[in-house]
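A, B, ... follow the sequence lines: proteins, then strands. Residue 1 opens every chain. Everything quoted here is computed from the prediction, not taken from an experiment. Computed over heavy atoms, backbone and side chain alike; hydrogens, waters and symmetry mates excluded.
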Amino acid sequence: MPELPEVETVVRGLRPRLVGRRLRRLRLYQPLVVKSSLGRFRRALAGARVAGVSRRGKYILLELHPADGRRRCFWVVHLGMTGQLYACRPGAPLLKHTHVVASLSSGDQLRFRDPRRFGRMLLLAEKDLPDYFAALGPEPFRINLARFARLCAGRTAPVKNLLLNQNWLRGLGNIYSSEALFVAGVHPARPAGALGAAELKRLFRALRQVLRAAIAGQGTTVSDYRTGEGLPGGYQNSLRVYDREGEPCPRCRTRVERLVLAGRSAHFCPRCQPDSGKRARSG
DNA sequence: CGTTGAACCTGTTTGC
DNA sequence: TGCAAACAGGTTCAAC
């Protein structure tokens, strides 16, 4: 379920354990997770120093300074649905579905584990970074309300579909799009372009508030997600409607409903998120 | 511009 | 108990 808050949590957890360290032995138990040339990948990582750990949307970037003085490059990781990227002691049990283990000069190991194998990694030269991420929409924390309103303007697609579209706005996934729509009191199927000024403002604020709170909570662990230290997150206890079909809405006690949009479950409260666009008052 | 369904995978839960 | 279907955080592609 790694969405922006999970990926950000992983990045923050890995940064102090990786930056300044060198990569030593690399073990690829499942080479298929590497989507660029294996030879280049291995050569670039061997002995490289990690100079930075950052995030772009749901992608993790490890900036590498190769040992042989070649140009710096980036180890790019996407966690897919069940990916885990974490540092641990070398003696920690090697869990099933661990695909990559990199030994670090600190003595720790960086491990990539992914039961469903929707995750992937690749090596990118610095010059290829812009093209690789060119299609991504903006970061939610780097736009203002006016820009968000412009993104929605004229769009007839259900607003939840757009929130899930990484080329429109990067970082949201199925959990936080549903949570943000609930907090904003906006029905997930409403055409984005039909949202009024008040709704746009509520939604923009809600999505940033939800993302911030989830980062503070170290992300949501439904089952597989782990922090950069290999620990579960804590925000799963704060979810309002996601995966709560049939349970009472936390605001008005109406049963939470589920509909399918863009092939994904959309959980919402039919009373707090009316499809008319008018916001119902809670009891 | 928009939607749907399938594909890529393994694992768990649900229903009969 | 057993087996099959449904479903799961994501992305991409084809078809319409």
Between [N] atom [atom2] and [X] atom [atom1], what is the distance in whole Å?
X	N	atom1	atom2	value
Leu79(A)	dT11(C)	CG	C1'	13 Å
Met81(A)	dA7(B)	CE	C1'	12 Å
Arg264(A)	dT3(B)	CZ	P	14 Å
His99(A)	dC8(B)	NE2	P	17 Å
Glu6(A)	dG10(C)	CD	C1'	12 Å
Ile60(A)	dG10(C)	CD1	P	14 Å
Gln84(A)	dG11(B)	CD	P	13 Å
Lys160(A)	dG2(B)	NZ	P	16 Å

Residue-phosphate contact under 4.0 Å: [X] side-chain N/O, [N] OP1/OP2:
X	N	result
His78(A)	dG10(C)	no
Lys96(A)	dG11(B)	yes
Gln166(A)	dT11(C)	yes
His97(A)	dG11(B)	yes
Arg155(A)	dG2(B)	yes
Thr82(A)	dT10(B)	no
Asn161(A)	dT3(B)	yes
Thr156(A)	dC1(B)	no

Going by ring pair (Phe, Tyr, Trp, His ring centres under 6.0 Å), name the residues that satisfy it together with Tyr29(A), two or more places apart in sequence or in a different chain.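 In terms of ring pair (Phe, Tyr, Trp, His ring centres under 6.0 Å), with neighbours along the sequence ignored, Tyr29(A) is linked to no residue.
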Which of these passes side-chain contact (heavy atoms from CB on, under 4.5 Å) with Leu169(A): Leu162(A), Ile143(A), Leu136(A)?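 It is Ile143(A), the one option of Leu162(A), Ile143(A), Leu136(A) that forms the side-chain contact (heavy atoms from CB on, under 4.5 Å) with Leu169(A).
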Rounded to whole angstrom, note down the [atom1] distance from [N] over to [M].
N	M	atom1	answer
dG5(B)	dA6(C)	P	13 Å
dA6(B)	dA5(C)	P	14 Å
dT4(B)	dC7(C)	P	15 Å

More than 12 heavy atoms from other groups under 6.0 Å of CZ on Arg25(A):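 No - once you tally the heavy atoms of other residues, nucleotides and ligands closer than 6.0 Å, there are 12 at most.
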Exceeds 12 heavy-atom contacts within 6.0 angstrom, atom CZ of Arg56(A):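 Counting neighbours around CZ of Arg56(A), more than 12 heavy atoms of other residues, nucleotides or ligands fall under 6.0 Å, so yes.
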Return the orientation label for the Tyr235(A) and Tyr176(A) ring planes: parallel under 30°, perpendicular over 60°, tilted otherwise.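 Plane angle between 30° and 60°, so tilted.
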Taking the inter-plane angle between the rings of Trp75(A) and Phe41(A) on a 0 to 90° scale, is it parallel (under 30°), tilted (30 to 60°) or perpendicular (over 60°)?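 It falls in the perpendicular class, over 60°.
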Answer whether the closest heavy-atom distance between the side chains of Cys269(A) and Cys252(A) falls below 4.5 Å.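 They are in contact (side-chain heavy atoms under 4.5 Å apart), so the answer is yes.
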Lys160(A) and Leu181(A), any side-chain heavy atoms less than 4.5 Å apart: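 Side-chain contact under 4.5 Å: yes.
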Under 4.0 Å, counting only non-hydrogen atoms across every strand here, what does Pro158(A) touch: a base, just sugar-phosphate, or nothing?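 Sugar-phosphate, no base atom in range.
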Using a 4.0 Å heavy-atom cut-off across all strands, classify Gly173(A) as base, sugar-phosphate, or nothing.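 Touches sugar-phosphate only.
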Can you tell which of dG10(C), dT12(C), dA8(C) lies closest to the side chain of Tyr59(A)?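 Nearest listed nucleotide: dT12(C).
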Is Tyr86(A) reachable from Leu23(A) through a run of hydrophobic residues whose side-chain heavy atoms are each under 4.5 Å from the next?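 Each belongs to a different hydrophobic cluster.
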Toward the 5' end of DNA chain C, by each residue's nearest nucleotide, Asn167(A) or Asp243(A):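 First, find each residue's nearest nucleotide; the 5'-ward one identifies Asp243(A).
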Comparing Arg120(A) and Arg116(A) on DNA chain C - which has the more 5′ nearest nucleotide: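 This one resolves to Arg116(A).
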Dot-bracket, 5' to 3', for DNA chain B please: Watson-Crick or G-U pairs under 3.5 Å, [ ] where pairs cross earlier ones, | where the partner sits on another strand, dots elsewhere. .|||||||.|||||||
Please produce a list of atom pairs where a protein N or O lies less than 3.5 Å from an N or O of nucleotides 13-16 of chain C.
none

Salt bridge (charged side-chain N to carboxylate O under 4.0 Å, His left out) contacts in which one or both residues fall within residues 118-132 of chain A, not counting sequence neighbours: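 Listed by first then second residue: Arg72(A)-Glu126(A).
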Mark this stacking check for Phe118(A) against dC8(B) as yes or no, applying ring centres under 5.5 Å and ring planes under 30°.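 One would call Phe118(A) stacked on the dC8(B) base.
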Can you find a donor-acceptor pair, distance only, under 3.5 Å between Arg117(A) side chain and dC9(B) base?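 No such pair is found, so the answer is no.
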Give me the residues of residues 255-262 of chain A where at least one heavy atom lies under 4.0 Å from an atom of DNA chain B, by number, or none.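 Residues of residues 255-262 of chain A that come under 4.0 Å of DNA chain B are, in numerical order, Ala262(A).
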For DNA chain B, which residues in residues 121-136 of chain A have a heavy atom at a distance below 4.0 Å?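 Going residue by residue through residues 121-136 of chain A, none turns out to have a heavy atom under 4.0 Å of DNA chain B.
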Looking only at heavy atoms, which two atoms of [X] and [Y] are closest? And how far apart?
X	Y	answer
Arg240(A)	Arg244(A)	O-CD, 3.3 Å
Leu14(A)	Gly228(A)	CD2-O, 3.6 Å
Leu151(A)	Trp168(A)	O-NE1, 3.1 Å
Lys58(A)	Leu172(A)	NZ-O, 3.0 Å

His65(A) side chain to Glu63(A) main-chain N or O, any donor-acceptor pair under 3.5 Å?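 Not at all, since once roles are kept as given, no pair shorter than 3.5 Å links the two residues.
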Does the side chain of Arg258(A) pick up a donor-acceptor pair with the side chain of Ser265(A) at under 3.5 Å?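 Looking only at side-chain atoms, Ser265(A) and Arg258(A) do form a donor-acceptor pair, the distance falling under 3.5 Å.
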